[in-house]
> 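One structure coming up, written as structure tokens, with questions to follow.
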Amino acid sequence: MLRTLLLGASALALAACGGEAPSEETETAAAEVEESGGDAPAAAEEAGVSASEKLDAVLAAQSEETKARYQYRHPAETLAFFGIEPGMTVVEALPGGGWYSKILIPYLGPEGALVGVDYSMDMWPLFGGFATEEFISNRANWTTTWLDTVDGWEIEDGADVDAAVFGSMPSEMAGSADAVLFIRALHNLNRFEDDGGFRTQALTDAMAVLKPGGVVGVVQHRAPAGNSDDWADGSNGYVKQDALIASFEAAGFELVDQSEINANPNDQPTEDDFVWRLPPNYGTADGDEAIMAEMDAIGETDRMTLLFRKPAE
């Protein structure tokens, strides 16, 4: 059930909301939008605005809370590395609160589509703790509640949006996607692989949903090579890069490229550490400003950034 968010675009607002000053081409596009009554894609095309300039405008329009994470998450560089462009159909694994979704929906634009995909319902009970019966019951309606959440963002002139669940992807989605993104979403799939083959299922679904030659973009918390495999199984948030590459290649994907865009050499976790000690979670601080300052000095996690491709037929 695709639902297009057509609420009237304003490239002028995008270009004016914080961040770096818009380029001359972006300012021209904004002026054209204002004159044309809000047809952002047409105005951008007429003004010759590039994909990177459109992305710059979208990033400039995000909230200050979102912008505060750019120094760690490098969304412009990351999406460029993955080759994501307006008009594409993109599948985003575990979109969560929508940090990347709120960037992708306006960037992909009305000619594009974003499909958010949740973990299998069989996997959620394995978390224990927060995964109460009430949580599981509510999670069963995730495809509907996430779409309602997206509607509440009121993103102007955005992509079509749909939702699905790993392990039960609609058959009509087969061969429809240009890209699948696993952004900080693979550690739990890896963690519970032995309990139900959940990583294998997710990669199988990714292969099925992609067009021949389509790509998979991965950003994942990276475990130090010297830490034990047991510690780096995903339960602490970290996964070893070589092991993750091997799992994708076993699923039939080709490794295209690797990048250090999201690397952070300050993050050197011991086997007493886990991902969520760092910002923005501060999971071990318990409000202690000194500990939070220590974690801020490290920054967000060290992350691998990998690009895979489904072989062309």
> Which residues, ordered by chain and number, are linked to Y72 in its hydrophobic cluster, where ILVMFWY side chains connect at heavy-atom gaps below 4.5 Å, directly or through other members?
none
> Look up atom CG in D296 and atom CG in L278, then write down how far apart they are to the nearest 0.5 Å.
9.5 Å
> Please walk me through it: do T144 and N141 pass side-chain hydrogen bond (donor to acceptor under 3.5 Å, both in side chains)?
CA-CA 6 Å; T144 297; N141 300 315; 6.0 Å; no
> Roughly how far, to the nearest 0.5 Å, is the OG1 atom of T301 from the CZ atom of R277?
8.5 Å
> Under 3.5 Å, is there a donor-acceptor pair between the side chain of E254 and the main chain of P311?
no
> Can you list the residues that meet the side-chain contact (heavy atoms from CB on, under 4.5 Å) rule with T89, with sequence neighbours excluded?
A113, A177, D178
> Which atom names give the shortest non-hydrogen contact between Y100 and P75, and what distance separates them?
OH-CA, 3.3 Å
> So, do V90 and Y107 sit near enough that their side-chain heavy atoms are less than 4.5 Å apart?
no
> If you measure from the Lys or Arg side-chain nitrogens to the Asp or Glu carboxylate oxygens, is any gap between E300 and R184 under 4.0 Å?
no
> Is the F248 to F308 ring centre distance short of 6.0 Å?
yes
> Linking directly or through intermediates, with side-chain heavy atoms under 4.5 Å: list the remaining ILVMFWY members grouped with V165, chain and number order.
none
> Has D122 got a side-chain atom pairing as donor or acceptor with G196's backbone, closer than 3.5 angstrom?
no
> For N264, check side-chain contact (heavy atoms from CB on, under 4.5 Å) against everything at least two apart and list the hits.
N266, D267, I298, D302
> Under a 3.5 Å distance rule, please check whether E53 uses its side chain to pair with a backbone N or O of S50 as donor and acceptor.
yes
> How long is the span from the CG atom in L126 to the CG atom in N188, to the nearest 0.5 Å?
10.0 Å
> Applying side-chain contact (heavy atoms from CB on, under 4.5 Å), name anything that partners F274, two or more places apart in sequence or on another chain.
N236, W276, T284
> Going from CD on E289 to OH on Y282, what distance comes out if it is rounded to the nearest 0.5 angstrom?
11.0 Å
> Do D233 and S235 have a side chain donor and acceptor closer than 3.5 Å?
yes
> Using every non-hydrogen atom in the two residues, find where M292 and A285 come nearest and quote the distance to one decimal.
CG-CB, 3.5 Å
> Which atom names give the shortest non-hydrogen contact between W153 and G98, and what distance separates them?
CH2-CA, 3.7 Å
> Check P86 against K54 and note the closest heavy-atom contact, atom names and distance.
CG-CD, 3.9 Å
> Residues two or more places apart in sequence or in another chain: which of them pass salt bridge (charged side-chain N to carboxylate O under 4.0 Å, His left out) with K310?
none
> Closer than 3.5 angstrom, by distance alone: can the side chain of S137 be matched with the main-chain N or O of E134 as a donor-acceptor pair?
no
> Working note: L55 + I103, criterion side-chain contact (heavy atoms from CB on, under 4.5 Å); need CA distance, chi angles, decisive distance, verdict.
CA-CA 8 Å; L55 181 55; I103 295 169; 3.9 Å; yes
> Determine, stepwise, if the pair F130 / F135 fulfils ring pair (Phe, Tyr, Trp, His ring centres under 6.0 Å).
CA-CA 7 Å; F130 70 87; F135 175 92; 5.2 Å; yes
> Does the ring pair (Phe, Tyr, Trp, His ring centres under 6.0 Å) test come out yes or no for F192 and F127, once each step is laid out?
CA-CA 9 Å; F192 296 122; F127 283 91; 5.0 Å; yes
> Could you tell me whether a side-chain N or O of Q258 sits under 3.5 Å from a main-chain N or O of T305, the two making a donor and an acceptor?
no
> Taking all non-hydrogen atoms of both residues into account, name the closest pair between N190 and G234 and its distance.
ND2-N, 4.4 Å
> Where is the tightest heavy-atom contact between W146 and A163, given as atom of each residue plus distance?
CE3-CB, 4.0 Å
> Under the 6.0 Å and 45° cation-pi test, does R73 pair with W99?
yes
> Donor-acceptor pair, distance only, cut-off 3.5 Å: does the side chain of H74 make one with the backbone of I261?
yes
> How long is the span from the CD atom in E271 to the CH2 atom in W231, to the nearest 0.5 Å?
7.0 Å
> The test is side-chain hydrogen bond (donor to acceptor under 3.5 Å, both in side chains); show your working for S120 and Q201 and say whether it passes.
CA-CA 9 Å; S120 166; Q201 182 63 67; over 6 Å; no
> Do T78 and N262 have side-chain atoms, one donor and one acceptor, less than 3.5 Å apart?
yes
> Kindly check if the number of other-residue, nucleotide or ligand heavy atoms within 6.0 Å of CZ (R139) is above 12?
yes
> Between the side chain of Q220 and the main-chain N/O of Q241, is any donor-acceptor distance below 3.5 Å?
no
> Under the criterion side-chain contact (heavy atoms from CB on, under 4.5 Å), I'd like the reasoning laid out for Y119 against F198: C-alpha separation, chi angles, the key distance, then a yes or no.
CA-CA 8 Å; Y119 292 148; F198 297 108; over 6 Å; no
> Is a side-chain donor-acceptor pair under 3.5 Å present for D273 with T270?
yes
> Is it true that atom CD of E65 has more than 12 heavy atoms of other residues, nucleotides or ligands lying nearer than 6.0 Å?
no
> Is it the case that one hydrophobic cluster holds both L189 and F253, taking links as side-chain heavy atoms less than 4.5 Å apart, direct or via other members?
yes
> Evaluate V150 against I105 for side-chain contact (heavy atoms from CB on, under 4.5 Å), listing each step before the verdict.
CA-CA 9 Å; V150 172; I105 292 170; 3.7 Å; yes
> Is there a side-chain contact between Y70 and Q62 in this structure, where contact means two heavy atoms from C-beta onward sitting under 4.5 Å apart?
yes
> When rounded to the nearest 0.5 angstrom, what is the spacing between CD1 in I245 and CE in M304?
7.5 Å
